[in-house]
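Okay, so here's the structure we're looking at.
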Amino acid sequence: MGPHPAVAAIRLAVRRVLHDVLTLAPTTSSPQGAGVPPLVLVACSGGADSMALASALAFEAPRLGVRAGGVTVDHGLQQGSDLRAAEVVSRLTALDLDPVEAVRVDVGREGGPEAAARDARYAALDAVADRHGAAAILLGHTRDDQAETVLLGLARGSGIRSLSGMATASGVGGRYRRPFLGLDRQTARKACMVQSLPVWDDPHNADPAYTRSRVRHEALPVLEKALGKGVVEALARTAQLSRDDADALDSWAAAVEPSVRDDSGDLEVAKLYALPPAVRRRVLRRAAIAAGSPAGSLFARHLEEVDRLITGWRGQGAINLPGRVAVRRQGGRLVLRQG
């Protein structure tokens with residue numbers, strides 16, 4: 001008799017990712033030496049999604065000749081968080097993952113509590129992966145998380161890249177992998193239950209002070225009640241379709257950018273004006289980043305202001321972008337300079 005369907009589903013999802021990792025990095029250089037099997041880490045909070053992911057990695061990795069480890073990040077935002085992290089380390093060790101460690105981070109305030117915690121978490125995961133020479137880090141985001149991300153993108157009104165949600169692979173070299181984006185949250189929870197895996201439900205996930213929590217517990221249930229149970233699947237499908245479109249437009253912008261620059265490297269207004277708006281704004285974004293504007297601080301409203309220098313020229317002055325980049329129109333050129 002085979003495993004429970006939920007367990008089979010999570011294992012298959014992880015197996016596919018591990019096959020991909022092996023194709024890209026059959027061996028790796030690590031602190032243990034060159035030519036050893038690749039190391040894959042699971043980022044685990046102790047919740048149902050990441051515990052299910054850890055269990056699937058622990059089962060599949062030895063069968064494919066992959067080394068498997070785990071890391072949990074202690075954000076220090078709740079009393080007893082260090083004890084919680086130690087408990088997660090114990091659970092991961094019990095699954096025979098090695099290496100396993102907990103990392104404490106200091107969460108700042110920039111961008112709000114959710115963004116600050118996310119930034120600190122990814123910085124810590126990057127550091128752990130670099131230290132161990134890991135080929136990949138698995139994240140437990142599910143289809144439900146994807147649907148929430150799409151709704152948050154809709155609320156921000158920031159374009160199809162925002163509606164693209166989370167990628168199955170992201171980070172430098174595709175380091176971060178999300179095997180569960182095609183699975184719902186209930187499948188992961190069921191897999192934990194049938195394997196008798198203890199899970200921890202983070203109270204922040206139910207705290208209405210956090211935007212994502214309100215989307216999860218208030219907005220999505222209202223949509224499902226009004227539109228039916230297919231809302232999560234539809235939103236996740238929207239993410240994939242939007243990602244395909246955004247990738248195509250990004251490629252178009254990258255290909256056309258050199259042709260709209262003059263010999264001095266400035267942008268030619270007439271050529272920019274002739275481009276479709278979606279491509280033009282991407283060219284402007286690329287140019288702003290190249291001039292020194294941080295990608296994470298450059299928003300749609302910034303690009304709209306710069307775009308008006310092309311489409312709504314009335315002699316307006318320079319547009320100031322994050323990173324002390326000034327954009328001004330001089331004759332038929334758009335000049336971007338960092339001050």
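Keep in mind that the numbers below use all heavy atoms, side chains included, and drop hydrogens, waters and symmetry copies.
- With hydrophobic clusters built from ILVMFWY side chains whose heavy atoms lie under 4.5 angstrom apart, I310 does not share a cluster with V335.
- Distance check, rounded to the nearest 0.5 Å: CG of D49 to CG of L183 gives 10.0 Å.
- Every pair passing ring-ring contact (aromatic ring centres under 6.0 Å, His included) that includes a residue from residues 283-303 is listed here, sequence neighbours excluded: F299-H302.
- Under a 3.5 Å cut-off, the side chain of S259 and the backbone N or O of V256 do form a donor-acceptor pair.
- Across I10 and A191, no two heavy atoms sit closer than the pair CD1-CB, 3.6 Å.
- Residues M166 and L152 do not share a hydrophobic cluster, defined by chaining ILVMFWY side chains whose heavy atoms lie under 4.5 Å apart.
- No continuous path of ILVMFWY side-chain contacts below 4.5 Å connects W200 to L92, so the two sit in separate hydrophobic clusters.
- Rounding to the nearest 0.5 Å places CZ of R280 at 4.0 Å from CG of D307.
- In plain terms, the two heavy atoms of A85 and T72 that are nearest each other are O-CG2, 3.7 Å.
- Under the 3.5 Å distance criterion, with hydrogens and angles disregarded, a donor-acceptor pair is assigned to the side chains of R178 and S170.
- Between the CG atom of L95 and the CG atom of L57 there is a distance of 9.0 Å, given to the nearest 0.5 Å.
- Residues F180 and V14 share a closest heavy-atom pair of CE2-CG2, 4.2 Å.
- With hydrogens and angles disregarded, a donor-acceptor distance shorter than 3.5 Å links the side chain of R243 to the backbone of G165.
- There is no side-chain donor-acceptor pair under 3.5 Å between D20 and T23.
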Please set out all donor-acceptor pairs under 3.5 angstrom arising from side-chain atoms of residues 246-253, sequence neighbours excluded.
from: D247; atom 1: OD1; to: R161; atom 2: NH1; distance (Å): 3.3
from: D247; atom 1: OD1; to: R161; atom 2: NH2; distance (Å): 2.9
from: D250; atom 1: OD1; to: R282; atom 2: NE; distance (Å): 2.8
from: D250; atom 1: OD2; to: R161; atom 2: NH2; distance (Å): 2.5
from: S251; atom 1: OG; to: D247; atom 2: O; distance (Å): 3.0

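- A salt bridge links R216 and D145; the closest N-O separation between the charged side-chain nitrogens and carboxylate oxygens is under 4.0 Å.
- Here D82 does not pair with R104 in a salt bridge; the nearest charged N to carboxylate O distance is not below 4.0 Å.
- A distance of 10.5 Å separates CG of L181 from CZ of R143, quoted to the nearest 0.5 Å.
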Pairs of donor and acceptor atoms involving the side chains of residues 289-296, under 3.5 Å and at least two apart or interchain, shall be tabulated with distances.
from: S293; atom 1: OG; to: P322; atom 2: O; distance (Å): 2.7

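- Put simply, OG1 on T238 and CD on E233 are 11.5 Å apart, with the number rounded to the nearest 0.5 Å.
- The heavy-atom pair separating P221 from V215 by the smallest distance is CD-O, 4.1 Å.
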| task | Check the pair L284 / L334 against side chain to side chain contact (heavy atoms under 4.5 Å, CB included), numbers first and verdict last. | result | CA-CA 10 Å; L284 294 175; L334 209 61; 3.6 Å; yes
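- The distance from the CG atom of L151 to the CZ atom of R212 is 9.5 Å, given to the nearest 0.5 Å.
- There is no path of hydrophobic side-chain contacts, each under 4.5 Å, that joins L83 to V103.
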| said: Is there a side chain to side chain contact (heavy atoms under 4.5 Å, CB included) between Y273 and V260? Walk through the geometry before answering. | reply: CA-CA 10 Å; Y273 188 87; V260 301; over 6 Å; no
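- Salt bridge annotation for E304-R301: absent, with no cationic side-chain nitrogen under 4.0 angstrom from a carboxylate oxygen.
- A single hydrophobic cluster is not seen to contain both M51 and F59; linkage of ILVMFWY side chains at heavy-atom distances under 4.5 Å, directly or through other members, places them apart.
- A salt bridge is absent between R328 and D266: the closest approach of a Lys/Arg side-chain nitrogen to an acidic carboxylate oxygen does not fall below 4.0 angstrom.
- Residue Y176 comes nearest to Y122 through the heavy atom pair OH-O, 3.3 Å, listed as atom of the first residue, atom of the second, then distance.
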